[in-house]
Structure formats: C-alpha cells, structure tokens
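For reference, the structure is listed below as structure tokens.
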Amino acid sequence: MMELPVVWILRLVLACAFCLYLSIRSASATEGFVNIACCADSNYTDPLTTLNYTTDYKWFSDKGSCRRTENVLDHGRNEKFRLFDIHEGKRCYNLPTIKNKVYLIRGTFPFDSVNYSFNVSIGVTQLGTVRSSTLQDLKIEGVFSATKDYIDFCLVKGEVNNPFISQLELRPLPEEYLQDLPASVLKLISRNSLGGTKDDIRFPIDQSDRIWTETSIPSSALLLPSNVSNFDLKSNVTPPLQVLQTAVTHPERLEFIHNVLDTGGYGYRVFLYFLELNSTVKAGQRVFDIYFNNEIKKKRFDILAGGSNSTYTVLNASANGSLNITLVKASWAEFGPLLNAYEILQVRPWIEETNQRDVQAIQKIREELLLQNQDNKLLESWTGDPCILFPWQGIACDGSTDSSVMTKLDLSSSNLKGPIPSSVTEMTNLKILNLSHNSFSGYIPSFPLSSLLISIDLSYNDLMGPLPKSIALLPNLKSLYFGCNPQMSEEDPANLNSSIINTDDGKCKSKDPRFGQVFVIGAITCGSLLITLAIGILLVCRYRRKLIPWEGFGTKNYPMATNVIFSLPSKDDFFIKSVSIQPLTLEDIEVATEKYKTLIGEGGFGSVYRGTLDDSQEVAVKVRSATSTQGTREFDNELNLLSAIQHENLVPLLGYCNENDQQILVYPFMSNGSLQDRLYGEPAKRKILDWPTRLSIALGAARGLAYLHTFPGRSVIHRDVKSSNILLDHSMCAKVADFGFSKYAPQEGDSNVSLEVRGTAGYLDPEYYKTQQLSEKSDVFSFGVVLLEIVSGREPLNIKRPRSEWSLVEWAIPYIRASKMDEIVDPGIKGGYHAEAMWRVVEVALQCLEPFSTYRPCMVDIVRELEDALIIENNASEYMKSIDSLGGSNRYSIVMEKRVLPSTSSTAESTITTQALSHPQPR
C-alpha cells in the first residue's frame, strides 16, 4: 500500500521535469525572436504558433492611429493595425539585433478597401512596395545581416495614402542564407513546400519560423510519398522534416515557372532542397541537370552523391520578369528528377547608412530631450536613419561620401524645454548648431576643442551661468549668439576667439540677433564705403547683364552669386571653371511661376513648373516634393556639378532656392520636352521624329556624356541615363539633364569605391548592379538602351505587351542578330532612313549592351561612330533631294544588307568588334 504514493510521486516528478524541459526548449528556440502586434489591446499568445506577441505602444503610444480590420490575419489573432498619418517622411520600428548575425524580418499588412501604395525598407535599403493589388493579407519578408545592435524597419510614405502595418516579426536565421553576400538584403519571393498539406508550415515545426506554403505542382508531376524511416538532416538551413517528407518527381523533367518578378535587373538566390524518399534508389541512379531560364546551372546533380540522403544547393540566377526552374533527367539515369522544397529570394544591395557615431549621438540627444518633451511632434517624427530617405526635421547632412554625416542641427523655435542635451558635444561633424527661441534651462555644456562648429546660436532661452571658455575658444567658430538668456552671467566674455566675427556679446538688443549689433555698427562706420561699392556693383551687374542675358533675373536686388566656385564631393582637389548661378528667394519663384500655376512634369525629385523671369526668359522650375525619394544629397550634387561644368549638350542651371527647407532648381525651359515624350509619351506630347532628327539627338546626347566622361581632372558618371533625361530645346538640340545621382569615377587608391546602386529599371547596367562597382561603362550600357528606343520608338520596359516583349533589350537583340531590322524599326520612320546609317547605330547599341563592360566602347568612340552615321544619312538625304528635283521618288531606297553580328557570349568576337568600333573602317 505504501508503493502507490511513491509511484505517483515519481510520475509527478517526471511530468514536472518534462514540462521544464519543454519550457527551456521553447525559450531557447525563440531566443532573439521579436513579435509585435500593432495596436493590440494587450499582449497575447498566438494559439497556432505558441508565440507571445506584444503591443507596439513602446514604439508608438498614440492610440488614435489604431484601426480595426475586417480581415483577420491567417496566422495571428490581431484584428487591428496602425495607420501612420504622416504628410511626408517615414515611421520606423527600432528592433534589437546582434551584430553580424543573420535575421529574417517580416511585416504583415492587412488588405484595406481603399487604394494604397507605400514602401518598406530595412535600414535605408528599400525592400519592396505594399500595394492594394490583392484581396488577401500582404506580407513582405527580408533577410539581412545585422551591422549593429539594432535594425530599423521603416514604412515610407508613397504617392497614394498613408502607410500602415498590423504585425512585425524578427527571427534569427542560419548564416548560409547570406554566405558570400554580406552586403546584401534578400527579399523573399517564394517559399514552397511541394506535395504537402494545404496548411502553411511554420513555428514551432520550423524553428526559424519560416512560412512554407504548398505550391501547385506541374500537372504531369507525381507526388512521391515517404518510404524512408531513417533521415539524415545535417544542415542548419534545411527545412523541417515535415516539409521534406513529401516531394514531386517526373520520369523526365520538372518545371516551375514564376512570372511575377521585378523587371529591375535584380539578381536572385535560389535554394533547392532534396531528400531522397525512395529507399531503393542508390547513388548514381537519380541524376539530373538544373536549368534556370534555359541556362544550365548545375550538371549531373546527384542527391545521394555525398553519402547522405538529404542535401540542398544554392544557385544564383538573373531574371527579368520571370524565372523558369527546370530539372532534366540525365540520359543514362534510371530515375527522373525529384524536388521537395525550394525558396526564391531577390538580391538587393545593402545601402550604406549614416555615419554610426553621428547616429548614436543624435539618438542620445533624442532620448535626453524626450525626458521633458514627451509629446513633442518634432521628436516623434525622428525615426529611422537621420539623413537618408527622408532626413529628420532640423537636421542637414553632408552626403559627399558614401556614409553621410550630420553637419547641422537646427532646433530653433521647436518648443523644447529642459537642459541642453550633453550628447550634442559628441556630434563630431557638426558645423552649425541652432537651439534659439526655446525654453532650454540649466548650464551650457562644454565642447571639445576638436569641434568643427562654425556657428552656435543659443539665444532666447532660459540658460544660466557663464559662457563656457571652451566655446569661446573653439578654433573654427565664426558666429556666436547667446543673448536673451536672463539668468546667464553678465560678465563680458573677453576671451572670445578673434576668429568670431558675428556675435551679440550675450546682449539682448535685437529681435533677430543674426542681423543685430554687428551689422548696424558696421553699416554706420563704413557707410560711405558701402555706398561707393554698391554703385560700382550696380554698374558691373548692368554691364554683365548685357553680356550674359540669362544671368539677369529681372530688376530685383537678388544677392549675386556670380563666379562662385562649387565642387563635386571628392577627396581630390582640381581646377574647376566657375559658372554663374543665381540664388533666388521663394518669393521670386512664386512670382516667376505665378504661384506654381503650370505643371509641366513630374520626376523622382519632384514637380516641374513652367515660369517666366523678369527678363522674359522662360524657365522650368523643379521643386523637390515632400515625398521625393531624392533629398539634400541629390540637390547639392546637381547644384555643385552644374556650377562646375558647361557644355552645349548639358542642361545649364540658371538658379536655385534653398529656403525654409524648400529646395528648388531653375533651368531654361526646353520647349520640345524630352526624347521620351516625343517617342512614346503622352499623346499630347508625342510627335513622330524623322530618322535624321533622331540620329542628331543621339549624337548630341552622346557628346554631352562624352564631355562628362572626359572631364578634366576626373571623369563624371551620370548614373541615370535615360530618354526622359534627354531634353530638346527649340531647335531640337539634345541636352542631357538630371545630375542628382552623378558621381566621380572611382580612381586607383580610392577607399570604399563601391557605391550604392542608382539607376532606372530597364536602363540599369547588370554588371554594375551585381558588382556595385561603378565605371563610365555603366552610362554606356544605359545609352545603348536609349539608342534602341530611338530606333524602335518603344519604351525599355512594358509589361502590357506580350511576355516576350516586356524588355526592349531582350526583344530587339535577337532580331538584330538575325539581321531582321524591319521587325524592330519604328513604323513611323520605315522607308525614311539609309540602311548603312541605321546599321551603324544598331551595331553601336549592340556593343553598348555587352554584358561585360570590358567589351563596351567608350563614349568618345560612340560619338565618332554616330558622326559617321549622320554624315552617311545627310549625304543620302542630299542625294534623294536631287532625285526628287528630277521628279523621282520622295522615299529612300533601302537595301538591307545581310550582316553577321557578334555574339555577346563570344569574348574574341566581342573584342574584335569593339576594336573595329573604336577605329571605324570604310565599308
């Protein structure tokens, strides 16, 4: 009778131990997991995954932005989502990570009946766009390697509606996902379990919480049930056994087609998972080849070759719109191919974020300010990267290097109180600090003598104590204002650095200290001299206005900026000729555009308006929009570049405005629009261009690019060559425009020459995208696409056409190689060109589009070849005119000459053709 209680006690102990084991195992399995249910009423446990979800009020406390959705998530119990009401910018969730570890991050966005579109980014690398395109819950998932102890997951306002999110999840992943790709982000395209149940498989079955979805299998494929009891799963990246226990096979071939892929020239990483489920199959009996888009990727693949019955392979692919995965049985093999599961991930280059020391300092400043300014709207908007995508309000950055730094902190009139954050002294790249017109109290912190500050404004606050000697002695300081602080000591800071030329001496005598005492005293003592100088300047300006008509912006007394020398960001200094560019005020812009009355275009930077200056010159005014993906870096880049160069085939910059955070650029108005408009733009702008005009436009654009590539001292790469950036003036002269993404060509000895990839889908150089190594040949590739547009009158990408015609390059090249010119020539110019001139142009285009940049011509050689083509065309035109005068036909006589064109896969032929292009011979 005494044994029974002992048995029950033992059973109870074992049960408790088992529960403890499960608890420890569960805790270990979810280590590093972050589960956020946006706007959830309280924390909860998901019964399907057993994962604990927390609300997001830690990140965003505003319950007014919460909404309820009628579409409950498939894999959660959160019936709410957060809608960010932002007029511009981004909102980010800051999640903890461990440096150098690989993570999966997944956002869930419930369908809403309204039309919406917004972007999602990991750090500053765009991961994808959420669109109202389906009636199901939307998910965007990325894989990245942490570069620091946190990651920002950001929702970036798009053109339509405000961003929203329901669920956010972070999970550690095996390192194999990013093996050999440390500086990349992988966007999940598809994760497929073949032949399984209809229910998705995820945590706790998959310890990494990857979501495996059953995929429809080819109609001729066979389901292969498990016939093996002893599985050998060794790899960390391998899917769970439940995913691998089913497979599909075929006696000859398996084929999986994915058609809805981006057409932006992205690369792809494909994981194929195999587990031999037939225990009778031996090594060498199931052997097959693996193809992507008919290109063989792996020959004679044998699942059992390594002695294990399970394996996986990682293959890289290029795909433009679609990816066809095909497994074909080897001729001698006994069994056909088999596949259990696969993943397709898109490779996106990791975009360099802002200098981490600056970011850490500004985050400390935010934390210190929030202690006494909890509901401050400015601080609430400070999320994500401070400089890139949408710079934080009050912050200006220098993007001249690949890693931006913060040079200006302007928190004036921001309704802030409490002590000045001590962390402001840690912003080592700061040059301008303005904390005026707030309610800051306490003592002023001391700044290190290594500070780069040139201007400090602490006026109109409630600060106390003396001015620290460290500030008065800062070596670079030129302006210092600290007046209108009633509790500060009135002692005269006699030890001010002699380099400080603008100061209020701590006095409170003017409403605007910037134009106070120094200006008044200087004006009184130097009055007569200033009057004399003013008369001289007026005479000089009047004389210069007669010489340079576009320099005179009316009769207003604008601050002149003639002969100002700017320079592109570079580590090397060299001579740059000065170009006059006029600074304008917002009032001037509003008068010129009649308050932005006539909109003539939209671009990546913003809207473009037509205007007229006081001297009657028509201008195009480009205004940066609040939702623009381009920012201060692109504005400064264009201003600096066009201040340094001038060429008849480059659009000149007439003026600029940088006032009240508004960035505006002013150019001459190009009355004939862009090349894109004329070829296939809106019907109102479209106009059939004859072949000689097209050829002349191509030559003009080539000359402009050649000038950039041969710029004295260091060549400049445009990085966004496309038909919409080739503008046409009143005489149809081509001018290359939009230099916001331009960069100096990397030189030997440069550090960190790998640059963030810039360009436009359809024009982007595939080698530049894959290697991230920039060269002039990237512009050459894009120009080759433009040449095909000129010849065919087609856009570079159009998914409304049949699949084989989506990509202009992929569609046109086979016809060119087959010498079937009639198939690609724009019907509007058929019968209106000379065959030899046309062949010269398409051969140039073909060489520009070589996959390897080594075999592409340089722009100087392209100019020479197009000049020859234009000479041939003009001579033919003159000949036809003489025939017409004798009563002959008014059409050209075209004889299509059969040519054997080089294959892009042949290095030798490509080299020979490039050499022939560089030194054209008579034909």
Side-chain angles (χ1 to χ4, degrees), residues 29-36 75 92-109 119-130 138-154 165 167-193 200-203 206-213 235-240 243 258 261-262 264 266-273 312-317 319 323 341-353 757 769-770 772:
T30 59
E31 185 178 355
F33 278 34
V34 176
N35 313 305
I36 300 173
H75 300 286
C92 303
Y93 288 84
N94 185 276
L95 308 179
T97 59
I98 298 175
K99 188 174 181 179
N100 297 325
K101 280 191 69 70
V102 175
Y103 289 89
L104 172 157
I105 193 166
R106 181 167 54 228
T108 302
F109 313 90
N119 295 324
V120 174
S121 70
I122 298 177
V124 297
T125 303
Q126 182 172 326
L127 187 60
T129 302
V130 180
L138 302 177
K139 286 183 173 65
I140 289 186
E141 180 179 313
V143 177
F144 68 96
S145 178
T147 59
K148 48 188 181 298
D149 59 1
Y150 68 89
I151 188 65
D152 289 317
F153 184 86
C154 299
I165 184 170
Q167 207 162 274
L168 182 58
E169 298 160 321
L170 181 74
R171 284 87 174 89
L173 270 189
E175 294 182 1
E176 288 93 333
Y177 274 93
L178 283 172
Q179 192 169 5
D180 303 325
L181 288 175
S184 298
V185 170
L186 303 181
K187 176 188 177 183
L188 178 67
I189 302 299
S190 183
R191 182 178 290 122
N192 310 278
S193 173
D200 290 346
I201 298 173
R202 61 177 301 184
F203 191 88
D206 188 317
Q207 293 292 288
S208 297
D209 196 25
R210 295 166 293 184
I211 301 176
W212 298 89
T213 304
S235 171
N236 290 328
V237 76
T238 301
V243 172
H258 290 263
L261 300 184
D262 288 337
Y266 291 107
Y268 291 84
R269 172 158 279 199
V270 182
F271 289 76
L272 301 175
Y273 300 100
Y312 76 97
T313 185
V314 184
L315 301 172
N316 295 322
L323 178 62
Y342 66 95
E343 294 176 277
I344 302 175
L345 300 110
Q346 186 184 79
V347 182
R348 293 181 171 233
W350 177 266
I351 306 300
E352 189 70 28
E353 298 174 277
V757 175
Y769 175 79
K770 290 177 183 177
Q772 301 181 47

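These values consider heavy atoms only, across backbone and side chains, with no hydrogens, waters or symmetry-generated copies.
At a threshold of 4.5 Å between non-hydrogen side-chain atoms, the residues Glu353 and Thr147 count as touching. For the pair Val270/Leu323, a side-chain contact is recorded, criterion being any heavy-atom separation below 4.5 Å from C-beta on. Within the 4.5 Å cutoff, the side chain of Arg210 has heavy atoms near those of the Pro240 side chain. Here the side chains of Glu343 and Tyr177 are in contact, with some heavy-atom distance below 4.5 Å. Side-chain contact check for Arg106 versus Asp209: some heavy-atom pair is nearer than 4.5 Å. Using a 4.5 Å heavy-atom cutoff, the side chains of Val34 and Leu168 are not in contact. Side-chain contact check for Phe203 versus Ser208: every heavy-atom pair is 4.5 Å or farther apart. Side-chain contact check for Trp350 versus Ser184: every heavy-atom pair is 4.5 Å or farther apart.
Taking all atoms of both residues into account, the shortest heavy-atom contact from Gly128 to Arg348 is N-NH1, 4.4 Å. Contact record, Gly123 with Ile151: N-CD1, 4.1 Å, taken as the closest heavy-atom pair. Across every non-hydrogen atom of Ala146 and Tyr103, the tightest pair is CB-CE1, 4.1 Å. Considering all non-hydrogen atoms of both residues, Thr238 and Tyr312 come closest at OG1-CD2, 4.4 Å.
For the atom pair Arg202 CZ and Arg171 CZ, the distance stands at 6.5 Å (nearest 0.5 Å). Interatomic distance, Ser193 OG to Ile211 CD1, rounded to the nearest 0.5 Å: 13.0 Å. Once rounded to the nearest 0.5 Å, the distance linking CG of Asp149 with CG of Leu95 reads 12.0 Å. Distance check, rounded to the nearest 0.5 Å: SG of Cys154 to CG of Asn94 gives 9.0 Å. One distance of note links CD1 of Ile122 with CG of Leu186; it measures 9.0 Å at 0.5 Å rounding. The distance from the OH atom of Tyr93 to the CD1 atom of Ile165 is 5.5 Å, given to the nearest 0.5 Å.
Between the side chain of Arg269 and the main chain of Val347, no donor-acceptor pair closer than 3.5 Å is present. A donor-acceptor pair under 3.5 Å links the side-chain atoms of Thr97 to the main chain of Lys148, judged by distance alone. When atom types are taken as modelled, the side chain of Ser121 and the backbone of Gln126 share no donor-acceptor pair closer than 3.5 angstrom.
With respect to Phe144, the side chain to side chain contact (heavy atoms under 4.5 Å, CB included) criterion is satisfied by exactly one of Val185, Leu104, Thr125, Leu173: Val185.
Aromatic pair His258/Tyr342: centroids less than 6.0 angstrom apart.
Taking the six-membered ring where tryptophan is involved, the planes of Trp212 and Tyr273 are perpendicular, since the angle between them exceeds 60° and thus also 30°.
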Item to check | Chi angles and distances behind the side-chain contact (heavy atoms from CB on, under 4.5 Å) call for Leu345, Val143 | outcome: CA-CA 9 Å; Leu345 300 110; Val143 177; 4.1 Å; yes
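By the 4.0 Å N-to-carboxylate-O rule, Glu141 lies too far from Lys139 to be salt-bridged with it.
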